[in-house]
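Below is one structure, written out as structure tokens; comments come after it.
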Number of protein chains: 2
Amino acid sequence: MTPEQIRKDLASFGAFGKKGVGYHVAELVNNISQILGLDRKWNIAIIGVGHLGWALANYRNFASLGFHLAALFDQNPAIVGQLINGVDVLSVADLETTITSRNIQIGVIAVPAGEAQAVADRLVAAGVHGIWNFAPVRIRVPDDVQIVSEDLSVGLSTLSYHLRRQVP
Amino acid sequence: MTPEQIRKDLASFGAFGKKGVGYHVAELVNNISQILGLDRKWNIAIIGVGHLGWALANYRNFASLGFHLAALFDQNPAIVGQLINGVDVLSVADLETTITSRNIQIGVIAVPAGEAQAVADRLVAAGVHGIWNFAPVRIRVPDDVQIVSEDLSVGLSTLSYHLRRQVP
DNA sequence: TCGTGTGAATCCTTTCACAGCC
DNA sequence: GGCTGTGAAAGGATTCACACGA
């Protein structure tokens, strides 16, 4: 990225630098954090503690971005009750009550594709405002609920596209 | 997306439709697969069989996109030798020889951040052409090696940005 | 009539150029 | 001298409009 590009991008949110000096880094980080809403705390819950959910539960960068892992849910009785990264795994039966009691704003879907929409519907009904979806399906939510889907096939297709001619 | 948008996008790779009729879906899918290089087979290896690597090894969509899981590597002796999704876990000591013998073109990095660059270097030296990186660090590779990084903090920041005003 | 392919017009983003400031 | 902020110019992408074909 060019310097002008970065200046223009920042300019669309305000003027954060000092002419002739530059940007005060710590201040700029704060400003960007505010722009992204990372200055506040978000309570998240992971639904589905298979390998993927487990990996996400151990993701270290959550905290530094202001995300607090507030609950884990699974339907497998063998997993319910376990402690992962200091958080206990609850039964999905307790989804709605826990989302309310622990003030959870974001739900992370890490269940198999076939169950993803049903989980999303329950999350929305329970009052979640955002969904981070890892299941490889398109999920429908009301307009006032934000959804971000991590689609792994995009990354693989990108690799494949660039390798296509390069590799014999 | 608008219809014109899609027509223009496709037009930059050729003319795939019939005027007055539309697109023959099966044919179009084939054409797009060719454009993306998904019509050929890619052999991939996952390095790091923690929860994340394990989850990736069980990712069902690999095959349908033409990706064949050809090897798994871990440094933990307790995991080496196990069979996951029909693929045996090898010691990372065997990385170089296996990449050659199994004709692996793409390496998937699922190791902790601190080891990611070292693994990437070994993959590149062993002749891998593409790297799919899940470690939360920026990885340096030569220009002729393609790299795609899955940065989870982007998705979370996107959610946070949109929820910022909406949520009290 | 409906849908693709495509030049032309429009819109938006990036780059250039430079004033202002330390 | 070096760096930000910002109008102006240039470059790209999207939308419009329509020719063409089934």
Sequence-distant partners of B:Pro168, side-chain contact (heavy atoms from CB on, under 4.5 Å), two or more places apart = none
Produce the list of close N/O pairs, under 3.5 Å, pairing protein atoms with atoms of nucleotides 17-22 of chain D; give distances to one decimal.
{"residue": "D:dG21", "atom": "N2", "partner": "B:Gly20", "partner atom": "N", "Å": "3.3"}

Side chain to side chain donor-acceptor pair (under 3.5 Å): pairs with one or both residues in residues 18-42 of chain B, sequence neighbours excluded | A:Ser160-B:Trp42
Nearest whole angstrom, please: distance from the P of D:dT6 to the CZ of A:Phe16.
-> 11 Å
Report yes or no: do A:Val145 and A:Leu123 belong to one cluster of Ile/Leu/Val/Met/Phe/Trp/Tyr joined by side chain heavy-atom distances under 4.5 Å?
-> yes
Can you name the residues that form a ring pair (Phe, Tyr, Trp, His ring centres under 6.0 Å) with A:Phe62, not counting sequence neighbours?
-> A:Tyr59
Members other than B:Val154 in its cluster, when Ile, Leu, Val, Met, Phe, Trp, Tyr link by side-chain heavy atoms under 4.5 Å?
-> none
Tell me which donor-acceptor pairs under 3.5 Å the side chains of residues 46-56 of chain A have, and how far apart each pair is, sequence neighbours excluded?
{"residue": "A:His51", "atom": "ND1", "partner": "B:His51", "partner atom": "ND1", "Å": "3.2"}
{"residue": "A:His51", "atom": "NE2", "partner": "B:Trp54", "partner atom": "NE1", "Å": "3.2"}
{"residue": "A:Trp54", "atom": "NE1", "partner": "B:His51", "partner atom": "NE2", "Å": "3.2"}

Apart from A:Val29 itself, what residues make up its hydrophobic cluster when side-chain heavy atoms of I, L, V, M, F, W and Y under 4.5 Å apart count as a link, directly or indirectly?
-> A:Val25
Report the residues that fulfil salt bridge (Lys or Arg N to Asp or Glu O under 4.0 Å) with A:Arg7, sequence neighbours left out, ordered by chain and then residue number.
-> none
Grab the NE2-P distance between A:His24 and D:dC3 for me, whole Å please.
-> 17 Å
Non-neighbouring partners of B:Tyr161 that pass side-chain contact (heavy atoms from CB on, under 4.5 Å), sequence neighbours left out = A:Phe13, A:Ile35, A:Leu36, B:Arg164
May I ask you to say what B:Ala15 touches in the nucleic acid, namely base, sugar-phosphate or nothing, with a heavy-atom cut-off under 4.0 Å?
-> sugar-phosphate
Look at A:Tyr23 and D:dG2 and indicate whether a side-chain polar atom (N or O) is within less than 4.0 Å of OP1 or OP2.
-> no
Members of residues 25-39 of chain A that approach DNA chain C, where some heavy atom sits under 4.0 Å away = none
Using atom names, set out every protein N or O paired with an N or O of nucleotides 10-14 of chain C below 3.5 Å, distance rounded to 0.1 Å.
{"residue": "C:dT14", "atom": "OP2", "partner": "A:Gln5", "partner atom": "NE2", "Å": "3.2"}
{"residue": "C:dT14", "atom": "O5'", "partner": "A:Gln5", "partner atom": "OE1", "Å": "3.0"}

Salt bridge (Lys or Arg N to Asp or Glu O under 4.0 Å) with A:Glu4: which residues, sequence neighbours excluded?
-> none
